[in-house]
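Structure first, then comments.
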Amino acid sequence: MAAGKGTRMKSALPKVLHRLGGRALLAHVMDCAAQLSARQAVVITGHGAMQVEAACAGRTGAAAGLGLKFARQEPQLGTGHAVQQALPFLDDDGITLVLSGDVPLTQATTLRALLAECDGQRLALLTLSMADPTGYGRIVRAGSQASAQVRAIVEHKDASEAERAIQEIYSGIMAVPTRLLRRWLARLDNKNAQNEYYLTDIVKFAVEGGVAVVAHQITDAAQVAGVNSPVQLAELERVYQQRLATTLMEQGVRLADPARLDVRGTLECGQDVEIDVNCVFEGQVSLGQGVRVGANCVIANAVIEAGAVIHPFTHIDGEKLGVQVGEGALVGPFARLRPGARLGAEVHIGNFVEVKNSTLARGAKANHLAYLGDATVGERVNYGAGSITANYDGANKHRTVIEADVHIGSNCVLVAPVTIGEGGTVGGGSTITKDVPAGALSVARGKQVNQANWSRPAKQAKA
Ligand code: UD1
Ligand code: CA
């Protein structure tokens, strides 16, 4: 179910597209469902349907494997009405698992257990006991014992004082034999406090019809927690990040502070990885064995190979082209690696150095205040402080080739396209517009003039 408006988010974006851990809420639900080898998935859309459907269709992850269908619910008349819209897509010999697009942290093992309880013949409800059940549907049982037969779900707004005292709540997730679901949904009405067609009313139909209703109760509240407001979204984000940090530490990753790590995508780590505080990882990031990441780094879509050190305040974003940092390379502090930066082993990139769409071979160094864009840099090249590749002529990008063992002095401009031959030296302050032959020294700047015994102008006395 992903048709609701999500009014309390106070956002133009449909609620189920808000992000948690870098992925849309709905994407979490879809990825979880994809682990269940379902025959198909039907996404019920309504509010912002076009946007939600486009987001689902554009997904490439695990959910791409689901036979995905969309059922439009217009207008949105309640959860029962929502599921009614999906019926034409469902086969009677199957089990329908009802999930909410705004409940992102449910685990596949929990859903498998629920499906086992259903077993094609029972109505299985996922429930939880809460200290403050306000707002939720309550599980009403035939007696006061926890094991007493489930009789109904009563929505908070329709509940009596006594019913409101019940702490066991319905999570919004159920597994139900499709043939029975179809029969029961046909009987729903909207005679209730919200004038909605409640999916939860099918419980009393099951009881009337002698179909067993089982409540599968879990204790992990985060798995059934829904997102209704920015506050709840932020709370669940923290739960998600805390769990992810714990998993990483269990794998041996040493986090300076698990509360100050954010992973918005997937982070793979080799042995003996250390991550200091306030680091953000986005998209697909892999850190090889022994990699150290200093405080306050943002790293997206990058492969950092074994033994590399990323010093504090470094920003790496590979976007679509990716970034690669070779074994034992040193990057930062305050470095910026942009898409297509490929650093070989033992490369050094120092403070205020920007690298974009450039390959640096083993041992090349650019230690201070420099720009390398669209460049191919050979082994052991030393690229001086303040030097830049002028790769853009205002219309097109051009490449700079710096062959092995070249020494580029400080404050040079290499106007691309240009090649500096192997072992060449470029004098500081040069603007290089023509190729430099291998082994040559090139100096391209105004010649120094020394005027002996120069007397500086003296200040004139005011009249
Ligand atoms: C629902 C349950 C309640 C349960 C709670 C758990 C019903 C009647 N009540 O209440 O027992 O404790 O979830 O969170 O089912 N949606 C649609 N179309 C609609 C209405 C809702 O697609 O017409 C979707 C929403 O987008 C959302 C989900 O269904 O993903 C749940 O809707 P919501 O309004 O949040 O349900 P509650 O009233 O909280
Ligand atoms: Ca509602």
Side-chain angles (χ1 to χ4, degrees), residues 1-9 11 13-18 20 24-30 33 42-49 51-53 56 70-87 96-106 123 125-130 132-140 150 152-159 163-164 166-174 176 181 184-185 188-205 213 215 217-218 221-229 232-233 236:
M1 295 186 290
K5 183 148 186 261
T7 313
R8 280 174 286 165
M9 289 302 293
S11 166
L13 188 69
K15 178 166 78 174
V16 294
L17 296 186
H18 280 268
L20 182 133
L25 295 172
L26 182 58
H28 286 266
V29 180
M30 303 289 288
V42 183
V43 179
I44 301 157
T45 61
H47 183 77
Q51 226 178 325
V52 174
E53 289 169 16
C56 288
F70 297 104
R72 287 273 179 102
Q73 185 201 15
E74 317 261 18
Q76 290 98 45
L77 303 178
T79 52
H81 179 253
V83 178
Q84 277 171 354
Q85 312 313 308
L87 282 177
T96 298
L97 178 66
V98 179
L99 302 170
S100 288
D102 59 356
V103 179
L105 300 187
T106 321
L123 170 56
L125 309 171
L126 189 64
T127 74
L128 179 93
S129 193
M130 284 180 116
D132 178 12
T134 308
Y136 288 93
R138 307 298 207 284
I139 303 293
V140 178
V150 175
I153 296 174
V154 178
E155 291 305 306
H156 181 90
K157 286 187 177 140
D158 300 283
E163 286 164 340
R164 285 186 183 183
I166 298 171
Q167 289 185 317
E168 189 183 6
I169 63 101
Y170 168 55
S171 65
I173 295 171
M174 65 167 70
V176 44
L181 177 68
W184 295 332
L185 285 179
L188 291 182
D189 64 43
N190 64 353
K191 296 189 195 109
N192 51 54
Q194 302 184 81
N195 296 121
E196 284 182 10
Y197 294 87
Y198 290 163
L199 176 62
T200 43
D201 280 349
I202 70 170
V203 175
K204 54 179 195 252
F205 300 149
V213 180
Q217 198 178 124
I218 60 168
Q223 284 200 49
V224 300
V227 172
N228 294 302
S229 65
Q232 286 174 340
L233 181 60
L236 271 198

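Here, residue 1 is the first one in the sequence, and each next residue gets the next number. Numbering of ligands and ligand atoms starts at 1, following listing order. Everything quoted here is computed from the prediction, not taken from an experiment.
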Closest candidate by heavy atom, reference atom 23 (O) of ligand 1, pool Gly137, Gly78, Gly6: Gly78
Polar contact flag for Gly172 and ligand 1 (N/O pairs, less than 3.5 Å): no
Location of contacts on Val16 toward ligand 1, heavy atoms closer than 4.0 Å: neither
Tyr170 N/O to ligand 1 N/O under 3.5 Å: yes
Contact check: Gln73 vs ligand 1, nitrogen or oxygen atoms, below 3.5 angstrom: yes
Polar atom proximity, Met1 to ligand 1 (N or O, under 3.5 Å): yes
Side-chain touch Thr106/Leu99, heavy atoms, less than 4.5 angstrom: no
For Glu168, all residues meeting salt bridge (charged side-chain N to carboxylate O under 4.0 Å, His left out), sequence neighbours excluded: Arg141
Thr79 N/O to ligand 1 N/O under 3.5 Å: yes
Option nearest atom 27 (C) of ligand 1 (shortest heavy-atom distance, choices Leu26, Val29, Asp102): Asp102
Glu155, any N or O under 3.5 Å of ligand 1 N or O: yes
Distance (rounded to the nearest 0.5 Å) between Cys56 SG and Leu17 CG: 7.5 Å
Contact check, side chains of Leu13 and His18, non-hydrogen atoms, under 4.5 Å: yes
N/O separation below 3.5 Å, Leu199 to ligand 1: no
Those residues that, when tested against Glu53, pass salt bridge (charged side-chain N to carboxylate O under 4.0 Å, His left out) (two or more places apart): Arg72
NE2-CD1 distance between His156 and Ile166, expressed to the nearest 0.5 angstrom: 12.0 Å
